[in-house]
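No hydrogens, no waters, no symmetry mates; every other heavy atom, side chains included, goes into these values. This chain uses plain numbering: 1 for the first residue, then up along the sequence. Atoms within each ligand, like the ligands themselves, are counted from 1 in listed order.
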Amino acid sequence: MRVARRAEIAPFYVMEVMKAAANRARAGGDVLHLEVGQPSTAAPRAVLDAAARALTSDRLGYTDATGIGELRERIARHYSEHYGVAVEPERVIVTMGASGGFALAFLALFDVGDRVAVAQPGYPCYRNVLEAFGVEAVPIPVGPSTRFVPTAELLEAAGPLQGLVLASPANPTGTALRRRELVEIVDYCRTTGTTLVADEIYHGIEYVPLVPTALAVDPNVVVLQSFSKYFSMTGWRLGWMVVPTELVRPVERLAQNLFISPPTLSQLAAIAAFDAADELEANVARYAANRQLLIDGLGAVGLDHFASPDGAFYFYIDVAHLTDDSQALCRTWLDELGVAATPGIDFDPVAGHRYVRLSYSESTDDIAAATDRIADWVQTRGAG
Ligand SMILES: Cc1ncc(COP(=O)(O)O)c(C=O)c1O
């Protein structure tokens with residue numbers, strides 16, 4: 001059968017590692033999951049209750065393509081309550097996760113042949129989806145010298161750009177842009193006519209004082225957000241975008257044609273998520289404890305070269321002194337230690353063979369066990 005060139009999209013290797021880990025578990029092996037970036041908790045109680053009520057009381061038909069009005073209003077209120085930023089509910093578009101938001105944003109903003117910058121290392125689906133849409137994903141190599149975040153100088157060196165996709169806190173590094181860094185990038189985008197798409201999916205999971213939203217710096221950026229991470233609702237497949245007024249109708253038309261509407265049950269339930277701070281902050285406290293366990297445990301055996309873990313639940317660790325093939329290292333850790341980790345090549349096809357990403361979203365017991373196993377391995381086998 002004829003398969004379109006755009007279907008030659010690269011795999012999302014995290015999913016491949018998950019498959020290998022699942023195979024090991026099926027064969028009776030134990031697995032500690034440090035490969036996957038998803039909360040180990042269910043949705044907050046109030047969300048589950050709202051979903052149960054909606055199941056029996058609501059018809060659960062299609063909604064407006066841009067989402068239920070009450071949810072859009074609640075999301076807009078979140079911006080004024082949490083950031084002190086005014087967002088009109090009409091500029092909020094509910095999506096099928098941040099992933100649904102990428103598709104809508106990239107189609108609404110970029111034409112075939114446009115050049116859109118993405119950080120390298122960065123979330124692989126940006127470049128894969130852009131390329132599948134015929135948009136050139138222009139890698140911006142970032143590393144320890146710029147705290148793994150792009151700078152105006154690096155963007156300048158990439159030549160003319162129509163767009164920039166930027167995550168803060170980022171995946172795989174966890175690094176968040178300081179306000180000064182964000183302002184520099186927003187200014188660069190404004191003066192060069194580069195559209196900024198800010199992926200703020202990890203907001204709320206933060207270990208440094210309030211990570212700024214790009215909307216506080218410029219109301220004309222496109223922001224992507226999600227209920228998947230802080231709100232602990234990955235499988236509910238729900239997120240949102242905040243877009244400038246002139247983009248609302250184009251995105252709405254695309255959403256009508258592509259998705260009809262986001263999942264109704266999830267939308268009805270998600271309204272309650274904003275009032276579940278106690279539960280959600282307890283999750284963040286657990287991530288913070290896990291993060292400290294890894295810093296202490298891995299630091300003690302010299303695994304202490306990693307990007308600044310300001311937020312999210314990832315360490316992006318330089319393992320160059322252990323291997324020049326992080327994929328092989330991850331296979332060894334899975335086979336010998338039962339620890340699933342993700343090789344850096346998912347996030348950076350060039351330098352990623354020297355890096356491993358560890359996710360610490362699972363239970364503290366699991367993270368403690370994984371830290372011990374990796375530390376033992378590094379001490380006994382790592383040097384050889
Ligand atoms: C940076 C980043 N953006 C977007 C996504 C996709 O999230 P969603 O579940 O909202 O589609 C992820 C998932 O891991 C991510 O890490």
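- For Leu48, the side chain to side chain contact (heavy atoms under 4.5 Å, CB included) partners at least two apart in sequence or on another chain are Ala43, Arg45, Trp236.
- Ion pair Glu35/Lys19 not flagged as a salt bridge, since none of the NZ, NE, NH1 or NH2 atoms sits closer than 4.0 Å to an Asp/Glu carboxylate oxygen.
- For the 3.5 Å distance criterion, the side chains of Thr364 and Asn290 qualify, holding a donor opposite an acceptor.
- Cluster note: Val17 groups with no other residue, as no ILVMFWY side-chain heavy atom lies under 4.5 Å from it.
- Hydrophobic side-chain contacts under 4.5 Å tie Val31 into a cluster, directly or through other members, with Leu334.
- One finds no salt bridge joining Glu181 and Arg178 here, because no Lys/Arg side-chain nitrogen approaches an Asp/Glu carboxylate oxygen to under 4.0 Å.
- Within 4.0 Å of ligand 1, protein heavy atoms come from Gly97, Ala98, Ser99, Phe102, Tyr123, Tyr126, Asn171, Asp199, Ile201, Tyr202, Ser226, Ser228, Lys229, Arg237.
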